[in-house]
Amino acid sequence: MRDRIAASDPGLLRLASGLRTVASIVLTLVVLVLFGASVPHLVAGAMASMVSNFAVRERERRAQAVTLALGLPVALACVCLAALLHDRVVAGDLFFVALIFLAVYGRRFGDRGTALGLFGFQLYFVSLFVGVTVEELGVLCAVVTTAVVCSAVVRFALVPQAPTGVLERLREAFRARFAQLVAAQLELLDAGPADADRALANVREGNARLHETALLIQGRLEEGTGDEHTARLLQRRVADAEIAAERLGLLLLTARSAERTDTLTLHLPGAPVPEAGRLPVRDRGVEALRRDLRALRVLVRRPGGAGLAQVRNRLLSYREEENLPAAAPPVQDVFRGVGEAARAVLGLRIALDGPQDESDDTPSTARSREELDAEDAAIDAAEETPVEEPTGLRRPTTRAAVQVAVGSSMAIVGGELLSSHRWYWAVLTCWIVFVNTSSTGEILVKGYRRLLGTVLGVVAGIVLAGAVGHHTWTAFALVLLFVFLMFYVAPLSYTLMSFFVTAALGLLYTLLHTYSLSVLVLRIGETALGAACGVFAAAVVLPVATDRRTNDLLVDVLDRLREVTTTAVDQLSGGPPVELLDQARELDQALADLRSATKPLTHPVTPLRARRDTARYVVALLETSAYHARSLAATAELLPTHPSIAADPRLRGAGRRIATNIEAIAAHLADDRAKARVQTGPSIASLLEPQLPGSPRYGRVTDRVLRHLQRLDESVMGLARPLEVPVGKEEKARAG
């Protein structure tokens with residue numbers, strides 16, 4: 001159960017967020033009740049406490065404290081202005097629009113600017129919600145101050161979240177998800193024709209979940225480790241483990257098919273198991289392989305022990321040819337993959353838990369440790385390259401601020417036509433659909449999800465309001481439950497989050513004695529209006545089309561892919577050693593941004609089915625290319641320390657062709673009139689002279705490097721057709 005919880009909520013980030021928010025609200029309510037606050041003030045305190053929690057996004061505790069200290073005067077100023085402008089409709093509306101513009105524009109200043117903008121907007125909204133007046137201003141300011149102070153007490157004392165603790169829990173989540181992926185691979189090994197596609201889908205999901213956790217760890221390394229060398233070591237070991245786990249799944253597919261499986265199968269959603277691989281593996285080595293996959297899963301999760309050391313030694317011995325069990329060549333490749341995964345687990349354990357007991361080491365295990373130690377000693381820090389930021393209206397925060405200001409102005413006018421008392425719901429929806437969105441398509445999808453969640457929440461609110469009636473504390477308890485669920489499911493489903501928000505609001509209206517069916521129905525209308533205003537503003541005012549947004553991100557991914565590939569191949573060809581960890585991380589982040597931006601194109605309700613399939617295919621090809629590029633980078637970093645890998649200058653020609661083709665695709669995306677063409681030519685293997693008869697399996701250039709280069713070349717070529725890039729023949733194959 002512990003492993004399942006760790007894997008379902010990496011780092012327990014969602015659980016901590018929900019508990020911290022609920023605890024903050026409870027503490028605020030207790031303090032306010034002790035001072036005899038009225039129900040409207042209790043509602044205001046609860047909402048202000050909630051804002052104080054989700055607005056602060058910094059990871060370091062000192063930075064969080066500074067943001068909270070700055071957020072309180074911003075919140076009080078907005079509450080005071082809301083009270084002073086309560087009876088001045090036009091002035092109040094103009095100030096609200098200006099506040100919205102400044103709140104969105106403030107995102108350009110990072111997490112603190114975003115937080116202060118949220119404090120300003122949300123507390124002004126809270127003031128409108130409870131109907132603050134000048135007579136009640138002093139009491140409401142005291143309520144807001146109490147809420148912020150209680151939020152700080154919970155954040156720093158009751159439910160602390162230290163960066164080191166978060167990183168430790170993320171490590172546990174990575175181990176748990178690694179073990180789950182091995183279990184899915186074991187299921188794939190034995191799956192019959194009826195279950196093969198489902199087993200492959202589970203492996204595909206396991207790869208995605210493991211990659212998600214790896215990205216979370218990379219994002220927390222700087223704060224969670226005080227030593228830069230340790231951070232880079234952990235980053236490398238996590239990357240090694242991810243690559244080894246993904247490669248093991250690919251080798252299993254190949255063993256099922258008895259032929260080389262296209263890596264795209266592991267990344268394209270819905271792709272079936274190859275026809276030749278629909279039957280389970282039938283080989284004399286399958287029983288031993290099944291045993292070793294179970295052993296690998298245990299090795300990932302358990303800390304150690306004498307029996308486990310023997311298992312580890314056996315798995316690591318598969319890295320040497322003479323220790324491979326008798327089996328068909330594709331099955332022997334899987335045993336090699338198990339050995340490499342065991343090596344990755346050993347490196348991960350050393351990086352996470354420090355020096356290990358070496359008394360039970362066999363010679364093969366000792367050699368693996370020596371390789372890991374040599375790699376660790378070679379880790380060095382790399383300098384960051386400054387990135388040029390766009391200026392003026394080209395800056396995303398400025399453009400979004402203008403768009404949301406226009407959309408909010410329309411929402412204010414339309415909202416007041418619907419209701420002179422509840423118009424702010426339209427403004428809130430318009431504001432929210434712009435949060436964490438960058439294109440018209442993203443805003444449209446987010447608006448649709450919010451409207452759907454609101455409709456379902458209204459139905460739930462009607463039922464709950466009738467059941468709870470005016471039982472104040474029962475209603476507050478349900479509100480707290482919904483707030484917790486809102487924060488817990490927010491990263492998973494925006495529709496569910498909107499559902500819990502609306503259901504909680506129905507109960508709040510009951511507490512304020514303003515509940516009626518017409519009020520909740522009005523909320524649906526205001527939500528639909530706000531979403532429509534947001535979409536209209538995004539489509540008309542400084543629009544960023546989804547195609548343009550995805551093209552820009554696609555070019556960025558291609559640039560990162562070319563950079564990683566070129567640097568890795570250059571190093572494999574004998575070039576100077578270069579730190580590749582940061583380049584690979586930038587590639588992963590760029591690909592994650594692209595995957596997020598294509599969600600409007602791949603959404604299930606999109607009517608453009610062909611376009612949806614094309615977007616999925618392109619992203620899958622890029623994920624395949626990124627996997628091979630990461631693997632090349634990992635192999636290149638082994639060059640100075642690994643005895644079985646040596647540089648081969650003939651690889652430079654193969655790398656040059658791949659880089660040229662990536663540049664051609666990027667140029668065509670940037671300009672339709674570009675004349676660059678993707679060049680076809682001989683296979684990568686044919687560009688290299690065959691090894692001498694009798695040479696060992698791993699000679700100057702390993703089989704693995706050749707396979708990764710070949711697959712990367714095929715994946716890049718595969719991008720040409722869906723992206724409509726012209727293809728031409730290579731005039732002359734060069735070996736470099």
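Heavy atoms only: backbone and side chains are in, while hydrogens, waters and symmetry mates are out. Residues: numbered from 1 along the sequence shown.
Proximity of a side-chain donor or acceptor of Gln679 to a complementary backbone N or O of Val727 within less than 3.5 Å is not detected. Distance alone, capped at 3.5 Å, is enough to place a donor-acceptor pair between the Asp197 side chain and the Val273 backbone. The main-chain N or O of Leu268 is found under 3.5 Å from a side-chain atom of Arg204 such that the two form a donor-acceptor pair. Of the possible polar contacts, one joining the Gln185 side chain to the Ala245 backbone as a donor-acceptor pair under 3.5 Å is found. Looking at Arg256, its side chain does come within 3.5 Å of a backbone N or O of Ala191 through a donor-acceptor pair. For the pair His668 (side chain) and Glu724 (backbone), a donor-acceptor distance under 3.5 Å is present. In terms of modelled atom types and a separation under 3.5 Å, the side chain of Thr598 and the main chain of Arg595 share a donor-acceptor contact.
Within the 4.5 Å cutoff, the side chain of Leu293 has heavy atoms near those of the Leu248 side chain. For the pair Arg278/Pro272, a side-chain contact is recorded, criterion being any heavy-atom separation below 4.5 Å from C-beta on.
The line from CG of Leu170 to CG of Leu215 is 11.5 Å long, rounded to the nearest 0.5 Å. Interatomic distance, NE2 of His211 versus CD1 of Ile243, reported as 10.5 Å (0.5 Å rounding).
With hydrogens and angles left out, the side-chain atoms of Gln583 and Thr567 include a donor and acceptor closer than 3.5 Å. A donor atom on one side chain and an acceptor atom on the other are not found under 3.5 Å apart for Arg247 and Ser631. Looking only at atom types and distance, the side chain of Tyr318 has a donor-acceptor partner in the side chain of Asp292 under 3.5 Å away.
The one candidate from Glu242, Glu246, Arg711 that meets the side chain to side chain contact (heavy atoms under 4.5 Å, CB included) condition with Tyr627 is Glu246.
One finds no salt bridge joining Arg585 and Asp588 here, because no Lys/Arg side-chain nitrogen approaches an Asp/Glu carboxylate oxygen to under 4.0 Å. Looking at Arg59 and Asp111, no side-chain N of the basic residue comes within less than 4.0 Å of a carboxylate O on the acidic one, giving no salt bridge. In this structure, Arg236 does not pair ionically with Asp240, as no charged nitrogen and carboxylate oxygen lie closer than 4.0 Å.
The heavy-atom pair separating Glu340 from Ala244 by the smallest distance is O-CB, 4.1 Å.
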